[in-house]
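To keep things clear, I will list the structure first and then write my remarks on it.
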There are 2 protein chains.
Amino acid sequence: MPDRARRIPEATVARLPVYLRSLAELLDEKESTVSSERLAEMAGVNAAKVRKDLSYLGSYGTRGVGYDVEYLLFQMSRELGLTHDWPVVIMGAGNLGQALANYGGFTERGFPVAALIDADPDKVGRQYHGVQVHHVDELPRLAEEKGIAIGIIATPASAAQAVADQLLEAGIRSILNFAPAVITVPPEASLRKVDLALELQILSFYQQHAPDPAR
Amino acid sequence: MPDRARRIPEATVARLPVYLRSLAELLDEKESTVSSERLAEMAGVNAAKVRKDLSYLGSYGTRGVGYDVEYLLFQMSRELGLTHDWPVVIMGAGNLGQALANYGGFTERGFPVAALIDADPDKVGRQYHGVQVHHVDELPRLAEEKGIAIGIIATPASAAQAVADQLLEAGIRSILNFAPAVITVPPEASLRKVDLALELQILSFYQQHAPDPAR
DNA sequence: TAGTGTGAATTTCTTCACAGCG
DNA sequence: CGCTGTGAAGAAATTCACACTA
């Protein structure tokens, strides 16, 4: 266990990718250094938080100057494990699964879609955006062969837990769940969820409780 | 300002939709009451949290018995502002915008897609899944006429802030941002974000730091 | 001198534990 | 007696404020 002295708080981990994106922009603009203040503005947080967050990675700044963009970008990529690609598998070749396979953003950011999986024999063998649809039974083999470490659940809610179990069974312990269902995984696995309707419902709450109930 | 005595904490608001979904399931199964323990299990949290969260809505439980499923469902819907539909507009009729328009889950949960908006004249006038594409200039009129209160940003990152400003300009103060960019809105507006690649990067971090670095 | 790094203070969120009620 | 509702304790996250140094 890497129980390192300075474990990085969850809230910080969730912000690192935002900083990373900001740094990539700065590199594009040929900026060689950046202050916590500037980075905070770009990331939409405050400067104290940036400094605290970055301090968990190590002392990579220079007092009176700021942070070296390229060096910080490298250190952060390393910490996030983004120095190599992570092939992903998408479970469910329905509307959402197809859309995700079709979405270039994953591959572009180092998460190539290695396979789509569906239980429907009619879909198996097809291709979407160059990604082959396989049967569930192939999952363990594919996971092994293609070194898949992350599974994306894009099935109906009713199938989500079973599909999560199949992923775990195949040795895939990082799961991103798009199905509107609560799924549980053992503590050694990681689970993130994206629930579109839920986000809208949260907005609805604040809309409902807005000072001036516009409309 | 509704500075009511018991403001509901943000963390609680974010969980209410999960409880709501669980309650809907229970209603389906003809369960008339539910304990905090059972609800906690369904929502993937612990019972103390459920009770604390529900207590912000009022004292809707019965000691020794639990919560009346139907009554709690109603009170929660009301609090979340889900007793009526909230028409939404999707900004950007590209891959993602089309996929979202095509995704039935929104309408089904009370967020009908009233319009797609795109700047590209070639796309204006088309329909996707029965949703008409309009030009940006039409936004203020559409917002007014259709009572749109929520805007979904599905444009490239480079356009996201400008599009957010257009939404605010049109009186739409609740925004769900899918573009991989930080956008800022005035304090009276609400903003939620969904960033797919970011979620994968967070998973990558934990994968990287996993006890047994499977693969 | 400008801007980092970080203890300390503050706020927010979670969990505990039990009084109190149906 | 069982389960809610909630003060109080505890943990996590945020913000403050300033010593320190390149």
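Predicted model, so just to flag it, every value in this text is computed and none were measured. The chains referred to below are lettered A, B, ... by the order of the sequence lines, with proteins before strands, and numbering in each begins at 1.
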Which sits closer to the 5' end of DNA chain D, B:Ala48 or A:Thr62, going by the nucleotide each is nearest to? B:Ala48

On DNA chain C, nearest-nucleotide positions of A:Lys52 versus A:Gly66: which is more 5'? A:Gly66

Tell me the interatomic distance from A:Glu41, atom CD, to C:dG3, atom P, rounded to whole angstroms. 14 Å

For residues A:Ala157 and A:Ala179, report the shortest heavy-atom separation together with the two atoms involved. CA-CB, 4.1 Å

So, is A:Ser36 near the phosphate of C:dG3, with a side-chain N or O under 4.0 Å from OP1 or OP2? no

Under the side chain to side chain donor-acceptor pair (under 3.5 Å) test, residues paired with B:Thr107 that sit two or more places apart: none

Aromatic plane relationship, A:Phe106 with A:Tyr103 - under 30° parallel, 30 to 60° tilted, over 60° perpendicular: perpendicular

Take atom CD of B:Gln75 and atom P of D:dT4, then tell me their distance rounded to the nearest Å. 17 Å

What integer distance in Å separates B:Tyr56:OH from D:dG5:P? 13 Å

Just the rounded figure in Å: distance from P of D:dA12 to CD of A:Glu10. 10 Å

Value for CH2 (A:Trp86) from CD (B:Gln207), rounded to nearest 0.5 Å, stands at 4.5 Å

Pair A:His129-A:Gln98, side-chain donor/acceptor within less than 3.5 Å: no

Residue B:Ser55, side-chain atoms from C-beta onward, closest of C:dT6, D:dG5, C:dG3: D:dG5

Atom pair distance, as rounded to whole Å: CZ in A:Arg7 and C1' in D:dA13: 14 Å

Would you indicate which nucleotide in D:dG5, C:dG3, C:dC13 comes nearest to any side-chain atom of B:Tyr67? D:dG5

Expressed in angstrom and rounded to an integer, what is the separation of B:Arg51 atom CZ from D:dA8 atom C1'? 15 Å

Between the base of D:dT21 and the side chain of A:Arg63, is there a donor-acceptor distance below 3.5 Å? no

Nearest whole angstrom, please: distance from the P of C:dT6 to the OH of A:Tyr60. 12 Å

How many whole angstroms separate atom CZ of A:Arg15 from atom P of D:dT15? 9 Å

